[in-house]
Visitor: 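Got a structure for you, questions after.
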Amino acid sequence: MPPAPPPSSTGFVTDVSRLLGAFRWAFMPLGLLALVAVGVHAAADTLDDRLLSLVDRADAAFDGVVGRYDWTAPMVEWVSLELRTEIARALALLWELAADLVLALPALGYREAAAARPAEAWRVALEGKQAQPSWRALWRRCLRQPTPMRWLRPLSTAAVVVAGACTVARLLQGTVYLSWRELMGDRVADGGARGLALVVLVGVLATLGWRAVLRNLQHADEACASVSGRKAFTRGLLGCAVVAPLAVAAVLDASPLLSFLR
């Protein structure tokens, strides 16, 4: 009898990769949650000054009303600059937490489905359904059955994940530049920091960003498909109203993509 072949041995890196891969069900949803939360926070930070301006205008209107009469004139001093600043910060925090509930929490429902084996293709054809709809099926429903939730939720998610990826990349860029400047000089440190930041930016979007968009698109599609008629169109309007301004702020003020190339 021929000798039995020796058992195949795998490398240490392969074994570690398989071990970590067994926990993807845990760290992938947490990674998506963290990325969306960082992007929402970056967008909310840009709204502090705007909210403070709105609070100042409201206070000015209040002062204009109570200042007309002598017996209400002392009420003008009720709201100081420090109090207005605290009110603006509290509003920004509440807005950020509400956006996290709308965009970040659905990420915890992210699950990776194994691809169907060729031998089971006939079963999928007979059943006529899949465990999770594909990108093509989801976008087809967005076009044929458009609702605010089906469009605004994934677009808002895309905006905040880009802002979150930019925040992570800028943090790495600053850390690398300050660490390398004394050793390699400003020019080399700046080039290396920008290069690493671009790699991290692309890596975060390629590994986590599109998955966060897909998960919110799936969540919005499931929510709209659970109702019919006019209820499907009005489903999630409050959440869309919360995240849409933050998405605009994320695109305009919290996503400095060109700064990594200048």
Visitor: Do other residues, nucleotides or ligands put more than 12 heavy atoms under 6.0 Å from the CG atom of D49?
Guide: no
Visitor: Quick check: closest heavy atoms across L217 and C142, and the distance to 0.1 Å?
Guide: CD1-SG, 3.7 Å
Visitor: Consider only side-chain N and O atoms of S226 and R235, and report whether a donor and an acceptor are under 3.5 Å apart.
Guide: yes
Visitor: For L238, does the CG atom sit with more than 12 other heavy atoms under 6.0 Å from it, leaving out its own atoms?
Guide: no
Visitor: Would you mind listing every ring pair (Phe, Tyr, Trp, His ring centres under 6.0 Å) that reaches into residues 35-56, with sequence neighbours excluded?
Guide: none
Visitor: Is the backbone of R68 close enough, under 3.5 Å, to the side chain of T72 for a donor and an acceptor to pair up by distance?
Guide: no
Visitor: Knowing that exactly one of L155, N216, D100, V102 qualifies, which makes a side chain to side chain contact (heavy atoms under 4.5 Å, CB included) with V243?
Guide: V102
Visitor: Charged N to carboxylate O under 4.0 angstrom, R50 versus D253?
Guide: yes
Visitor: Measure the spacing between OG1 of T46 and CG of L252 and express it to the nearest 0.5 Å.
Guide: 8.5 Å
Visitor: Taking atom CG of L138 and atom CG of D221, what is their separation to the nearest 0.5 Å?
Guide: 5.0 Å
Visitor: Determine, step by step, whether D48 and L52 satisfy the side-chain contact (heavy atoms from CB on, under 4.5 Å) criterion, reporting the C-alpha distance in whole Å, the side-chain angles of both residues, the deciding distance to 0.1 Å, and the verdict.
Guide: CA-CA 6 Å; D48 286 343; L52 180 58; over 6 Å; no
Visitor: Between the main-chain N or O of C224 and the side-chain N or O of R150, is there a donor-acceptor pair closer than 3.5 Å?
Guide: no
Visitor: Spell out, as yes or no, whether a donor-acceptor pair under 3.5 Å connects the side chain of S156 to the backbone of R153.
Guide: no
